[in-house]
Amino acid sequence: MTEVRLILGDQLNENHSWFSSVDASVVYVMMEVRSETDYVRHHAQKVIAIFAAMRRFADVLRSTGHTVSYVTIIDPENQQDLLGNIKRVVEQVGAASFAYQEPDEYRVDEVLRTAAEYLHLPVRCVSSEHFLTERSDVAEFFADSKRWLMERFYRMMRRKHNVLLTSDGEPLGGEWNYDDENRGAWKGAPAEPADMRPHHDHAEIWQQIQQASVATMGNAHAEDFRWPIDRREALQQLDDFLATGLRYFGTYQDAMHHDSRRLFHSLLSFALNVKMISPLEVIRRVEQVYHQGGIDINHVEGFIRQILGWREYVRGVYWARMPDYVDQNFFGHTKPLPEWFWTGDTDMRCLSLAIGQSLDMAYAHHIQRLMIIGNYALLAGLDPKAVHEWYLGIYIDAFEWVELPNTLGMSQYADGGFLATKPYVSSAAYINRMSDSCKGCAFDAKKKTGQGACPFNAMYWDFFRRNEPLLRSNHRLSMVYRQLDRTS
Ligand code: FAD
Ligand code: DLZ
């Protein structure tokens with residue numbers, strides 16, 4: 001009896017138990033569909049990367065004996081939605097059952113829950129065998145807590161998975177968290193590691209995406225494409241990061257520089273989020289490198305915290321708070337995104353650089369996303385849902401389960417402080433300290449008001465003034481309000 005099994009574009013996990021042996025009665029179905037390309041306007045590189053990685057994954061499965069039915073975006077039989085294509089394949093092969101891996105997005109989960117009724121077949125949902133937690137684990141962990149705190153969850157995960165612990169179960173180096181050491185500005189040294197990622201020519205895929213009239217944003221770089229498209233490339237990228245980036249990761253994690261766009265970040269989020277590599281294998285490799293010596297604990301702990309802590313935590317927040325989460329708007333912000341979010345064409349140099357880089361690379365690192373673009377969006381009062389859709393489209397690693405809590409919660413405080421204990425906003429002083437973007441800017445970071453003053457300064461104080469009824473009682477903001485009280 002034939003079974004049809006779905007593999008989504010972010011389920012490219014070669015180590016999934018589905019593939020441990022070849023079963024002639026199983027047909028895997030993969031599809032490039034408008035329902036997935038069009039739910040927001042995606043960056044061109046993101047669509048190319050997903051299609052290229054999906055096609056490579058199908059090749060890998062076929063080369064190991066599995067049967068794959070692959071629907072391209074220009075296939076005339078393509079129904080352009082998940083269930084329509086699944087039904088067609090089910091009928092073609094006379095399937096007696098259908099199976100899918102737990103999807104990571106609420107929207108897709110809802111669609112696939114209707115599969116049994118739609119297909120009139122028995123349907124199974126299995127684990128994607130990627131994450132270290134189940135969808136509900138974070139909510140269960142905090143069931144009796146008044147406040148959810150990532151740090152508490154992270155320490156539990158360190159203990160549970162025995163990560164960076166002494167034999168007595170204490171944190172290696174004596175501290176659980178070395179964030180205080182991870183706020184260095186970067187002044188040109190040590191040198192940014194060379195980008196060793198291979199070059200790909202994806203002109204043909206790009207031509208097909210255009211032929212199908214998929215609307216995208218940003219630079220396609222189709223003939224010189226650098227994102228990993230299979231597990232082998234992702235593992236090579238991990239090796240390169242461990243050899244050259246990790247040793248400086250922590251110290252310069254928050255630094256920004258106009259022509260060193262990644263500094264010591266790993267660029268591994270795409271490979272992780274489409275499941276080419278697993279979080280646990282990355283964590284174990286990082287630990288192994290630490291135990292070989294020569295790398296300080298702050299770098300290793302800082303990196304592991306992002307994956308073992310934040311990545312699993314935000315996923316738990318997503319599943320605990322959806323579907324209402326996406327509509328949260330604590331401050332009632334309604335302004336549309338300025339046109340220059342799609343061009344980078346603004347005189348504010350920090351924003352022009354961060355948005356310009358995002359359009360060019362489909363990538364910006366955490367602090368560019370949080371403290372430049374997100375900072376502006378929150379201070380300016382942009383509609384958080386529109387901000388969310390922009391982030392969901394533009395970044396190579398953007399999938400709603402991880403993007404939404406980071407954007408709406410951490411960056412826009414639209415959930416009223418569920419994820420962040422205070423709004424992540426700053427005036428120009430922080431941007432000037434952590435980046436080189438104020439040099440050569442049309443505005444003066446040190447000038448607070450008047451002609452030529454950096455808009456971040458007045459916007460910062462205006463934000464706290466206009467939101468005083470909502471924020472003054474937050475004890476983490478008492479310094480801010482004391483200062484505001486002294487200001488005319
Ligand atoms: P590194 O700095 O090298 O970090 C290593 C890994 O840690 C990342 O690959 C990622 O898997 C994980 N990680 C780091 N920070 C976070 C975090 N806050 N939440 C979850 N995982 C984290 N990350 C995404 O993967 N997808 C998104 O759509 C996304 N949207 C974001 C939106 C905003 C507004 C902000 C502030 C952050 C967002 N992040 C998102 C988190 C973070 O910015 C990216 O994971 C990181 O920049 C990816 O680059 P990297 O692989 O070089 O990361
Ligand atoms: C992001 C994306 C895009 C652009 N296109 C496809 C696609 O054509 N086919 C597919 O299976 N997946 C795609 N994806 C990733 C999905 O949106 C992702 O699988 C869901 O968001 C579930 O997390």
Side-chain angles (χ1 to χ4, degrees), residues 6-12 29-40 42-43 46-51 53-54 71-73 78 80-82 85 101-109 111-112 128 150 209 212 214 216 237 241 245-246 249-250 253-254 261-275 277 279 282-283 286 302-315 317 363-375 377-378 387-388 390-412 419-420 424:
L6 172 69
I7 304 169
L8 290 166
D10 62 350
Q11 295 178 335
L12 311 181
V29 57
M30 301 179 74
M31 59 189 82
E32 301 167 4
V33 278
R34 298 301 293 267
S35 62
E36 297 307 302
T37 58
D38 293 9
Y39 57 79
V40 287
H42 292 282
H43 197 293
K46 185 176 172 192
V47 185
I48 295 173
I50 287 182
F51 286 9
M54 286 173 70
V71 186
T72 68
I73 195 76
N78 192 336
Q80 300 297 355
D81 74 84
L82 296 170
N85 280 329
Q101 296 176 24
E102 200 174 44
D104 288 324
E105 190 173 332
Y106 189 89
R107 175 185 59 84
V108 178
D109 200 54
V111 169
L112 292 175
S128 63
M150 196 292 290
I209 292 167
V214 176
T216 59
Q237 198 181 309
F241 169 72
L246 180 64
F249 175 85
Q253 195 178 343
D254 291 1
R261 293 164 153 194
R262 68 184 281 206
L263 284 172
F264 306 100
H265 292 270
S266 68
L267 304 187
L268 281 168
S269 48
F270 173 72
L272 273 163
N273 293 352
V274 298
K275 308 183 181 62
I277 51 176
V282 174
I283 290 165
V286 171
F303 187 78
I304 286 181
R305 179 167 12 100
Q306 308 310 317
I307 298 178
L308 184 65
W310 280 111
R311 188 168 184 268
E312 299 287 328
Y313 179 71
V314 298
R315 177 167 179 265
V317 168
Y363 175 83
H365 72 62
H366 188 70
I367 295 301
Q368 295 169 303
R369 298 185 201 194
L370 185 68
M371 296 310 295
I372 305 290
I373 307 170
N375 187 13
L378 180 52
V387 177
H388 145 62
W390 184 85
Y391 275 92
L392 183 57
I394 197 164
Y395 292 114
I396 194 80
D397 52 34
F399 298 89
E400 198 181 73
W401 63 270
V402 52
E403 176 278 330
L404 184 68
N406 270 296
T407 304
L408 202 114
M410 187 185 299
S411 163
Q412 298 304 295
L419 200 130
Y424 280 101

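Keep in mind it's a predicted model, so treat the numbers as computed, not measured. Values below: every heavy atom of this structure, side chains too, minus hydrogens, waters and symmetry copies. First listed ligand is number 1; within each ligand, the first listed atom is number 1.
Some N or O of S266 is nearer than 3.5 Å to an N or O of ligand 1, by distance alone. Among the atoms of V314, none of the N or O lies under 3.5 angstrom from an N or O of ligand 1. In terms of N/O distances under 3.5 Å, ligand 1 is approached by D397.
Closest to atom 6 (C) of ligand 1 among all protein heavy atoms lies I307 CG1, 3.6 Å. Scanning the protein heavy atoms around atom 45 (O) of ligand 1, the nearest turns out to be S269 CB, 4.2 Å. Nearest protein heavy-atom neighbour of atom 34 (C) of ligand 1: Y391 CE2, 3.5 Å. Distance from atom 33 (C) of ligand 1 to its nearest protein heavy atom, with residue and atom name: N406 CB, 3.8 Å. Of the protein's heavy atoms, N273 ND2, 2.9 Å lies nearest to atom 25 (O) of ligand 1. The closest protein non-hydrogen atom to atom 15 (N) of ligand 1 is Q306 OE1, 3.4 Å. Residue, atom and distance of the protein heavy atom nearest to atom 4 (O) of ligand 1 are F303 CE1, 4.0 Å. Protein heavy atom nearest atom 2 (O) of ligand 1, with residue, atom name and distance: H265 ND1, 2.7 Å.
At least one side-chain heavy atom of Q253 sits less than 4.5 Å from a side-chain heavy atom of Q306. Looking at E36 and M31, their side chains never come closer than 4.5 Å, going by heavy atoms from C-beta outward. Using a 4.5 Å heavy-atom cutoff, the side chains of L12 and M30 are in contact. Counting only heavy atoms from C-beta outward, the side chains of V214 and H42 never approach each other to under 4.5 Å. For the pair L82 and L8, the minimum side-chain heavy-atom distance is below 4.5 Å. Between T72 and N78, the closest side-chain pair of non-hydrogen atoms is not below 4.5 Å. Inter-residue side-chain proximity for L392 and L404 is flagged as unmet; no heavy-atom pair is nearer than 4.5 Å. Side-chain contact between Q101 and K275 is absent, with no heavy atoms from C-beta onward closer than 4.5 Å.
Which of H366, R262, Q237 comes nearest to atom 42 (C) of ligand 1 through a heavy atom is settled by distance: it is H366. Residue nearest to atom 23 (N) of ligand 1, selected from I304, V282, V402: V402 (by heavy-atom distance). Checking R369, H388, R315 against atom 40 (C) of ligand 1, the nearest heavy atom belongs to R369.
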(request) Would you check, one step at a time, whether the test side chain to side chain contact (heavy atoms under 4.5 Å, CB included) holds for N406 with R369? (result) CA-CA 10 Å; N406 270 296; R369 298 185 201 194; over 6 Å; no
(request) Please assess F241 against F249 for the test side chain to side chain contact (heavy atoms under 4.5 Å, CB included), listing each intermediate value before the final yes or no. (result) CA-CA 9 Å; F241 169 72; F249 175 85; 4.1 Å; yes
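Taking both residues in full, the closest heavy atoms of R34 and I73 are given as CD-CD1, 3.9 Å, listed atom of the first, atom of the second, then distance. Scanning all heavy atoms of the two residues, the minimum distance from G409 to A420 falls at O-CB, 4.3 Å. Scanning all heavy atoms of the two residues, the minimum distance from I373 to W390 falls at CG2-CZ3, 3.8 Å. For the residue pair Q237 and L267, the shortest heavy atom distance occurs at NE2-O, 2.7 Å. Taking every heavy atom of both residues into account, E102 and Q11 meet most closely at O-NE2, 3.3 Å. Between W310 and L419, the shortest heavy-atom distance links the atoms CZ3-CD2, 4.1 Å.
Listed by number with element, the atoms of ligand 1 under 4.0 Å from a non-hydrogen atom of H365 are 47 (O). Near L370, with a cut-off below 4.0 Å to any heavy atom, the atoms of ligand 1 are 36 (C). Per-residue contacts place L272 under 4.0 angstrom from the following atoms of ligand 1 (heavy atoms of the residue considered): 9 (O), 11 (O). Residue-ligand proximity, A364 to ligand 1, at heavy-atom distances under 4.0 Å covers atoms 47 (O). Atoms of ligand 1 lying under 4.0 Å from any heavy atom of L267, numbered from 1 in the order shown and given with element: 50 (P), 51 (O), 52 (O). Of all atoms in ligand 1, numbered sequentially from 1 with element shown, those under 4.0 Å from a heavy atom of L268 are 9 (O), 51 (O). Each of the atoms 34 (C) of ligand 1 lies under 4.0 Å from some heavy atom of S411.
At least one heavy atom of F249 sits closer than 4.0 Å to an atom of ligand 1. A heavy-atom separation below 4.0 Å is found between Y363 and ligand 1. At a 4.0 Å cut-off, not a single heavy atom of G245 sits close enough to ligand 1 to count as contact.
Partners of D81 under the side chain to side chain donor-acceptor pair (under 3.5 Å) rule, at least two apart in sequence or in another chain, do not exist in this structure.
In Y395, neither the side chain nor the backbone holds a heavy atom less than 4.0 Å from any atom of ligand 1.
Under the 6.0 Å distance and 45° angle rule, K46 does not count as a cation-pi partner of Y391.
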Please tabulate, line by line, the atom pairs linking an N/O of ligand 2 to a protein N/O at a distance below 3.5 Å, with the distance in Å to 0.1, or answer 'none'.
from, atom 1, to, atom 2, distance (Å)
ligand 2, 8 (O), V33, N, 2.9
ligand 2, 9 (N), M31, O, 2.8
ligand 2, 11 (O), G9, N, 2.9
ligand 2, 12 (N), G9, N, 3.3
ligand 2, 17 (O), E36, OE1, 2.6
ligand 2, 17 (O), Y39, OH, 3.1
ligand 2, 19 (O), D10, OD1, 2.8
ligand 2, 21 (O), E105, OE1, 2.5
ligand 2, 23 (O), D10, OD2, 2.6

